[in-house]
Amino acid sequence: MPKQLSTARRTSIAGLLAATTLTLALGGCATYDVTAPADARADASAADVKAKDARLAAARDAKNGDGKHADAKGGKNGKDGSGDDVDCRTAKCVALTFDAGPSENTDRLLDILKKEKVHATFFLLGQNHVDKRPAEVKRIDAEGHELANHTWSHQILTDIEPKEATRELSRVQDAVRKITGKTPKLMRPPQGRTDQEVSEISKRLGLAQVLWSVTAKDYQTNDSALITKRVLDQTERDGIILLHDIYKGTVPAVPSILKELKKRGYTVVTVSQLLSPAKPEPGMVYRP
């Protein structure tokens with residue numbers, strides 16, 4: 001009898017047929033593994049599900065004043081951006097992500113996120129960003145956001161030699177670890193372009209790949225109202241929002257985006273929270 005495919009693997013095959021824009025961007029047939037957040041959660045191991053449920057219970061106990069079972073690493077949001085007071089198996093979640101920072105706008109963005117009690121995933125760029133703004137990297141981490149990798153110099157990984165692609169990713173891993181003591185577990189390939197070789201490199205470096213379902217194309221406009229509209233028009237449950245805090249119109253749009261998302265019943269989370277109880281699998285491509 002043929003071996004039954006897992007939900008994630010079925011999604012991988014279906015995704016290869018359906019993801020026309022990604023296939024066109026890659027200029028060929030993709031053969032790497034792809035899974036959606038809901039499928040990742042459904043395929044989580046029994047041990048991870050049990051651990052997640054225990055942490056949720058501990059967070060509830062802590063919130064209710066009964067801390068005897070609370071995990072010291074739990075609470076509102078873990079220091080790695082994977083807080084376990086959120087359960088996207090039942091909540092209407094959407095992940096908020098920012099690419100290519102930190103920048104001169106990052107502190108203002110962090111002020112907004114802190115005020116709104118929201119955590120995000122930051123896909124950090126190395127050259128002229130991480131290396132020039134270590135204080136912002138430290139603050140991103142200290143305030144419970146998720147640190148992630150967006151390469152050192154934004155080279156298209158599918159266009160360069162494997163050795164160079166490895167260096168593009170490993171330099172950010174090393175720089176972030178030196179600043180925070182933590183090593184990113186997620187990466188976003190520039191322009192979303194990946195292939196089997198990039199997936200294998202990511203796997204060796206312990207990095208899962210994260211694409212997106214919502215883009216405001218904020219690199220094309222400084223109109224904050226337009227950025228807000230584009231995000232809200234595209235957002236659905238289990239989506240992943242892509243924004244850039246390096247552009248002038250983006251950070252001013254964030255308060256109105258968050259206000260309307262909350263009004264529509266969304267819980268805004270990090271990528272790891274969206275995937276939980278599953279753990280990001282190195283080499284895997286996650287795309288809603």
Side-chain angles (χ1 to χ4, degrees), residues 77 80-81 94-155 168 172 175-176 179-180 182 184-192 209-235 239-262 266 268-274:
N77 205 66
D80 58 357
V94 63
L96 180 62
T97 72
F98 294 91
D99 279 12
S103 72
E104 65 273 13
N105 303 315
T106 301
D107 278 328
R108 184 181 176 194
L109 172 59
L110 291 171
D111 289 343
I112 293 167
L113 296 176
K114 186 174 184 179
K115 180 181 178 181
E116 298 296 330
K117 299 181 181 179
V118 165
H119 292 91
T121 300
F122 286 78
F123 289 90
L124 304 174
L125 197 60
Q127 190 173 43
N128 297 322
H129 295 272
V130 169
D131 62 348
K132 300 295 185 183
R133 296 184 176 275
E136 285 90 337
V137 176
K138 287 182 180 178
R139 185 180 172 192
I140 289 168
D141 175 52
E143 295 187 1
H145 302 284
E146 185 166 37
L147 301 164
N149 190 327
H150 195 43
T151 74
W152 186 257
S153 60
H154 210 262
Q155 292 194 62
E168 276 287 301
V172 176
V176 171
I179 294 168
T180 67
K182 299 174 183 176
K185 297 178 181 179
L186 306 176
M187 82 87 159
R188 176 169 285 154
Q191 296 183 13
Q209 303 175 79
V210 180
L211 303 184
W212 60 90
S213 58
V214 178
T215 175
K217 297 185 178 179
D218 49 359
Y219 47 84
Q220 294 179 343
T221 180
N222 288 325
D223 185 337
S224 297
L226 179 58
I227 290 169
T228 299
K229 183 179 186 303
R230 286 175 173 174
V231 169
L232 296 175
D233 285 350
Q234 297 173 61
T235 298
I240 299 177
I241 298 170
L242 165 62
L243 292 170
H244 301 78
D245 63 315
I246 59 175
Y247 299 118
K248 290 182 179 180
T250 302
V251 173
V254 171
S256 57
I257 290 171
L258 294 178
K259 181 179 179 180
E260 184 60 26
L261 287 176
K262 290 178 180 180
Y266 285 99
V268 181
V269 297
T270 66
V271 170
S272 286
Q273 285 178 311
L274 187 67

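Note that the structure is a prediction, hence the values are computed from the model and not measured.
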Decide yes or no on side chain to side chain contact (heavy atoms under 4.5 Å, CB included) for I140 and L124, but give the supporting numbers first. CA-CA 10 Å; I140 289 168; L124 304 174; 4.0 Å; yes
- Task: Report yes or no: does E146 contribute a side-chain atom to a donor-acceptor pair with the main-chain N or O of S272 at less than 3.5 Å?
- Result: yes
Has the side chain of S213 got a donor or acceptor atom that lies under 3.5 Å from a matching backbone atom of G239?
no
A216 and V231 have their tightest heavy-atom pair at CB-CG2, 3.8 Å
- Message: So L211 and P189, do their side chains get closer than 4.5 Å, heavy atoms only?
- Response: yes
Side-chain contact test, heavy atoms from C-beta onward, threshold under 4.5 Å: evaluate it for Y247 versus T221 and give yes or no.
no
When rounded to the nearest 0.5 Å, the distance separating OG1 of T228 from NZ of K259 is 11.5 Å
Across all chains, not counting sequence neighbours, the side chain to side chain donor-acceptor pair (under 3.5 Å) partners of Q127 are none
Worksheet item: Given S153 and E168, is the side-chain hydrogen bond (donor to acceptor under 3.5 Å, both in side chains) satisfied, shown in steps?
Response: CA-CA 7 Å; S153 60; E168 276 287 301; 2.7 Å; yes
Original post:
Below 4.5 Å, heavy atoms only, C-beta onward: do D99 and L242 meet side chain to side chain?
Top reply: yes
Walk me through it: do V269 and V94 pass the test side chain to side chain contact (heavy atoms under 4.5 Å, CB included)? CA-CA 6 Å; V269 297; V94 63; over 6 Å; no
- Message: Evaluate L243 against I257 for side chain to side chain contact (heavy atoms under 4.5 Å, CB included), listing each step before the verdict.
- Response: CA-CA 11 Å; L243 292 170; I257 290 171; 4.2 Å; yes
**Prompt:** Have T180 and D141 got a donor and an acceptor in their side chains that come within less than 3.5 Å?
**Reply:** no
Presence of salt bridge, K262 and E116, under 4.0 angstrom
yes
query = Any side-chain heavy atom of F122 sitting closer than 4.5 Å to one from L110?
reply = yes
Any salt bridge linking R230 with D223? Criterion: basic side-chain nitrogen under 4.0 Å from a carboxylate oxygen. no
*Step by step, would you call V254 with V118 a side chain to side chain contact (heavy atoms under 4.5 Å, CB included)?*
CA-CA 11 Å; V254 171; V118 165; over 6 Å; no
d(I227 CD1, K217 NZ) to nearest 0.5 Å is 13.0 Å
CD1 of I241 to CG of L261, rounded to nearest 0.5 Å, is 5.0 Å
When every non-hydrogen atom of S224 is compared with those of G249, the smallest separation belongs to OG-O, 2.7 Å
Task: Donor-acceptor side-chain pairing of T250 and D218 below 3.5 angstrom - done: yes
Residue set satisfying side chain to side chain contact (heavy atoms under 4.5 Å, CB included) with P190, at least two apart, ordered chain then number -> H150, T151, H154, I156, L157
| message | Looking only at the side chains, is there a donor atom on one of T97 and T121 sitting less than 3.5 Å from an acceptor on the other? | response | no
**Min side-chain heavy-atom separation L125-V130 under 4.5 Å** = no
Taking the side chain from H129 and the backbone from P102, do they hold a donor-acceptor pair closer than 3.5 Å? yes
Per salt bridge (charged side-chain N to carboxylate O under 4.0 Å, His left out), D107 is matched among K114, R139, R133, K138 by R139
Close side-chain approach of I240 to V214, heavy-atom, < 4.5 Å: no
OH (Y219) and NE2 (H244) are apart, to the nearest 0.5 Å, by 7.5 Å
Separation between CG (L113) and NE2 (H145), nearest 0.5 Å, reads 5.0 Å
For L147 and V137 the tightest heavy-atom approach is CD2-O, 4.1 Å
Exercise for review: Would you confirm whether R188, through its side chain, and F123, through its main-chain N or O, come within 3.5 Å as a donor-acceptor pair?
Suggested key: no
By side chain to side chain donor-acceptor pair (under 3.5 Å), Q234 pairs with (sequence neighbours left out) none
